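Working notes, beginning with the structure itself.
Chain identifiers are assigned alphabetically (A, B, ...) following the order of the sequence lines, protein sequences preceding nucleic acid strands; residue numbering begins at 1 within each chain. As the structure is a computational prediction, the values presented were derived from the model and not from experiment.
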Amino acid sequence: MDVSHLLDELNEPQREAVAGSDGHVLVLAGAGSGKTRVLVHRLAWLIQVEHVSPLSVLAVTFTNKAAGEMRERTGKLLQVSTRPLWIGTFHGIAHRLLRMHWKEAALPETFQILDSEDQQRLLRRIIREEGMDEAHWPARQAQWFINARKDEGERPQNIEHFDHPVTSTWVHVYQRYQDYCNRGGLVDFAELLLRAHELWLEQPTVLDHYRKRLQHLLIDEFQDTNAIQYAWLRMLAGDSGRVFVVGDDDQSIYGWRGAKVENVQHFLNDFPDVRTVRLEQNYRSTGNILDAANALIAHNEGRMGKKLWTADPAGKPIQLYAAFNEQDEARFVVEQIDQWLDEGRRADDCAILYRTTAQSRLFEEYLLRASIPYRVYGGQRFFERTEVKDALAYLRLLHNPNDDAAMERVINKPVRAIGEKTISLIRIQARESNLTLWQAAGECVSQGIFATRAGSAVSGFIKLIEGMRERMQDWTLGNQMQGVIDESNLVAHYEKEPRERMETRIENLRELATAADAFILPHEDADAGLTELQSFLSHAALEAGETQGESWDDCVQLMTLHSAKGLEFPMVFLAGMEDGLFPHQRSLEDSGGRLEEERRLCYVGMTRAREQLFISYAEIRRMFGSQNHCRPSRFIGEMPSELLQEIRPRMATSRPYVAAQPVSSAGFSGQDWPFQLGQVVLHPKFGEGTVLAFEGSGEHTRVHINFHDAGAKWLVMAYAKLQAR
DNA sequence: TCCATTGACGTTTTT
DNA sequence: CGTCAATGGA
């Protein structure tokens, strides 16, 4: 068979990765070096050249998007159905295993996935029930503790706390939480992975089966794996599985959520004769951008070592803009985009990247004002919306009435006279008799614990759910969804909200019904023995839907640096490059390698750019209500200055206060101010400084001056003895 | 039960 | 400065 198409379009190291080994392979794939291509070609190589059965291949990614892309590209390359291939996210694959082996994993067949919101609500409830002070023991922190423990593969009983009061309290909460989950058949995201690992540990027959079957393991973004994912993988590989991992230690930016770059090193130690291949030729960015990125990342220690290069020209220098303040920064960025558009280029070629989500607001404002369409990544997703989750909770309850999270959510939604008091009676009953809320509610009714009115309300709710279940048993999924929406009368609950809000909620419910109606049971879920309903509910949890509409509308892309990973744009703005913001203050405070992760984040951001990279920082930024005088990010100083071209603001037009508010209202008109914005003045005590802004009028006029030594200060004009310089 | 006011707090996010 | 959640009065 002619296999030249698998290698022809690859460069030398890529070929080596794809075809060069019959053992384990570690591919250190730099940004833009054709990582996905290598993965896909390797997969095709295994099947077409080594004649490996598609059934023996497992390819794992982190996001659904990456999994989908891999499946699609593999299908195109192979020209055969990719159906038998196991390609999925860690969570998706773990979920599938648990569905197929729910008995061995000690789960009820109807188990449900708990998303992080459900998890937090449940924890809040437990913390309250335990009589703990929520201010001292926030649910968020419990969630963090439990997930971190699970990510490390730890159960309450194997956490050592040596009478450490804080830890032992959280361990207790972990235990209680796990009891609830087990009773109700609820599995959170971290639990999916942990259970899947325990399945290997406790069921040697199951493990053995998969070891024999899945001989070829391919893992994407290996630097992002956490401890439990690595352990799971290592067990599955055993002594005979061949493992092909692709990753980049320089792009490890998720250490804060448990990812372990060390796994790359562990892989080299734990698996024999690993062949390491470096992909360093970059097909994305200009030479200047790569040189600057290389120079920056060279400041990190303990790297595996990698230097990106390109056969393409050096391109334009990186543009550096020292904005006056954050408004000026936004103004500048939007102005540049406007020019780009004037040159006939596309808006979706431009991306504005920032460190914190809050930074998007100003850019949105200025883009709106300039009538440039934009799209912000990372908002709330479809299946995370309140109304969607409410309706799904009813559906879940039909499917599994012991789902406490669902029960809690809808028992009084819309209001049906089951108030806090009644619910707490049910909770007490549940707790005392180790029952789920549903069971406890039934108990309370039959024991006549409630007052008459509450009792009839609760039994009414039980009848509602049971009635729906009986009636809808044989309905299609779409009809069930619509039926649940109608009969639950959820709409009544939203009617009390503002009109516009209510309308979008109803619209979303309509969309949900349509989605259920259009849902087709995927092959892999059918193979795993899932019903249509189970599959639909799992999809809602595991792939909460696109962050927003598709990118078909030609929009400027706004996102955090984290969500930019894996993407590329002709024109990129790295905004807010100030010490304290990026690198973030919190990473400067503790020394646990956090700064290096920030640097990697900066490296990721820079290497998103294909043609043009802009870096901007504000000299003054309003944070938490107070003005901050900022230093440019230390990362800027770590880039070779000859690659940076500073853009000098044009003094006359770039002052935002002049532009934004022509101050005709005040006693001082623009011309009457004794000084100009941007002018350097001398203060008897603070020395030289630059005039930033004026405020107020007449004798109350205050002036904001950025003193070169003393920092920025507001002074009352009448008292400040200022001299022009 | 609802809305409004007050108060604390303030990275990064996928599954 | 803004947001979100918790609290308390009507």
Side-chain angles (χ1 to χ4, degrees), chain A residues 60-67 88-95 113-121 124 128 134-135 138-140 143-144 147 150-151 187-194 196 221 224-226 228-229 252-259 326 353-362 377-381 383-384 412-421 493 495-498 538-547 559-566 576 580-590 594-595 597-598 600-602 604-605 621-628:
Chain A
V60 198
T61 62
F62 274 85
T63 64
N64 293 299
K65 198 178 154 202
T89 63
F90 275 103
H91 291 87
I93 285 161
H95 172 246
I113 299 169
L114 215 58
D115 71 14
S116 36
E117 194 209 337
D118 294 338
Q119 186 185 34
Q120 204 179 66
R121 281 166 168 255
R124 187 172 306 142
R128 277 185 197 161
E134 282 178 272
R140 271 195 65 81
Q143 189 177 26
W144 181 85
N147 291 339
K150 288 187 175 185
D151 283 347
V187 177
D188 60 53
F189 290 129
E191 184 77 13
L192 285 170
L193 301 174
L194 182 49
E221 305 277 18
D224 288 339
T225 50
N226 63 29
I228 195 75
Q229 286 160 338
S252 158
I253 55 174
Y254 286 114
W256 52 273
R257 67 175 196 207
E326 68 270 31
L353 309 184
Y354 36 79
R355 179 65 236 268
T356 65
T357 41
Q359 284 168 263
S360 75
R361 264 196 48 241
L362 257 190
Y377 276 67
Q380 211 187 23
R381 284 157 335 156
F383 285 105
E384 286 170 353
N412 198 32
K413 210 178 208 182
V415 282
R416 41 175 75 93
I418 306 177
E420 199 45 48
K421 216 173 113 199
H493 183 257
E495 267 164 3
K496 292 170 221 146
E497 296 184 274
S538 317
H539 271 255
L542 285 178
E543 19 196 316
E546 279 296 311
T547 305
M559 68 190 84
T560 63
L561 285 151
H562 282 89
S563 29
K565 194 170 129 196
L581 186 60
F582 187 34
H584 198 273
Q585 196 58 45
R586 306 270 277 246
S587 65
L588 294 170
E589 281 158 8
D590 64 55
R594 284 268 169 256
L595 181 62
E597 186 157 301
E598 295 280 304
R600 291 193 288 269
L601 191 57
C602 184
V604 166
R621 182 179 296 270
R622 218 183 164 83
M623 286 179 90
F624 309 143
S626 63
Q627 297 270 6
N628 279 49

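Under the rule for a salt bridge (Lys or Arg N to Asp or Glu O under 4.0 Å), the partners of A/E598 that lie at least two apart in sequence or sit in another chain are A/R355. Applying the salt bridge (Lys or Arg N to Asp or Glu O under 4.0 Å) rule to A/K413 yields the partners A/D390; only residues at least two apart in sequence or on another chain are considered. Shown here are the side-chain hydrogen bond (donor to acceptor under 3.5 Å, both in side chains) partners of A/D115, two or more places apart in sequence or in another chain: A/K389. Judged as a side chain to side chain contact (heavy atoms under 4.5 Å, CB included), and not counting sequence neighbours, A/W144 has no contacts.
Taking side-chain N and O atoms only, A/N64 has a distance below 4.0 Å to OP1 or OP2 of B/dT15. OP1 or OP2 of B/dT13 has at least one side-chain nitrogen or oxygen of A/T560 nearer than 4.0 Å.
Between the side chains of A/Q119 and A/N147, at least one donor N or O lies within less than 3.5 Å of an accepting N or O.
A donor-acceptor pair under 3.5 Å links the side-chain atoms of A/Y354 to the main chain of A/M559, judged by distance alone. Under the 3.5 Å distance criterion, the side-chain polar atoms of A/Q229 are matched with a main-chain donor or acceptor of A/N226.
Rounded to an integer number of Å, the gap from CG of A/L561 to P of B/dT12 is 11 Å. To the nearest angstrom, C1' of B/dT13 lies 14 Å from CG of A/N226. Per the geometry, NZ belonging to A/K65 stands 15 Å off C1' belonging to B/dT15, to the nearest Å. Rounded to an integer number of Å, the gap from A/D151 CG to B/dT13 P is 17 Å. Rounded to whole Å, the distance from CZ on A/R128 to C1' on C/dA5 is 11 Å. In this structure, A/I228 atom CD1 and B/dT15 atom C1' are separated by 15 Å, rounded to whole Å. Residue A/Q120 contributes atom CD, which lies 11 Å from atom C1' of C/dA5 at whole-angstrom precision. Rounded to an integer number of Å, the gap from A/Q119 CD to B/dT13 P is 18 Å.
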Report all interatomic pairs (protein N or O, nucleotide N or O of nucleotides 5-11 of chain B) with separations under 3.5 Å.
{"unit_1": "B/dT11", "atom_1": "O4'", "unit_2": "A/H584", "atom_2": "NE2", "d": "3.3"}

Please write out each protein N/O paired with an N/O of nucleotides 1-4 of chain B under 3.5 Å, distance rounded to 0.1 Å.
{"unit_1": "B/dC2", "atom_1": "OP1", "unit_2": "A/K496", "atom_2": "NZ", "d": "3.1"}

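For the P atom pair drawn from B/dT13 and C/dC4, the interatomic distance equals 15 Å after rounding to whole Å. Annotation: C/dT3 and B/dT14 have their C1' atoms spaced 23 Å apart (nearest Å).
Glycosidic conformation of B/dT11 is syn; the angle stays within 90° of 0.
Which of C/dT3, B/dT13, B/dT15 sits closest to the side chain of A/R361 comes down to C/dT3.
Using cut-offs of 30° and 60° for the angle between ring planes, the A/Y254 and A/H562 rings count as tilted.
To the nearest 0.5 Å, the span separating CG on A/N64 from NE2 on A/H91 amounts to 10.5 Å.
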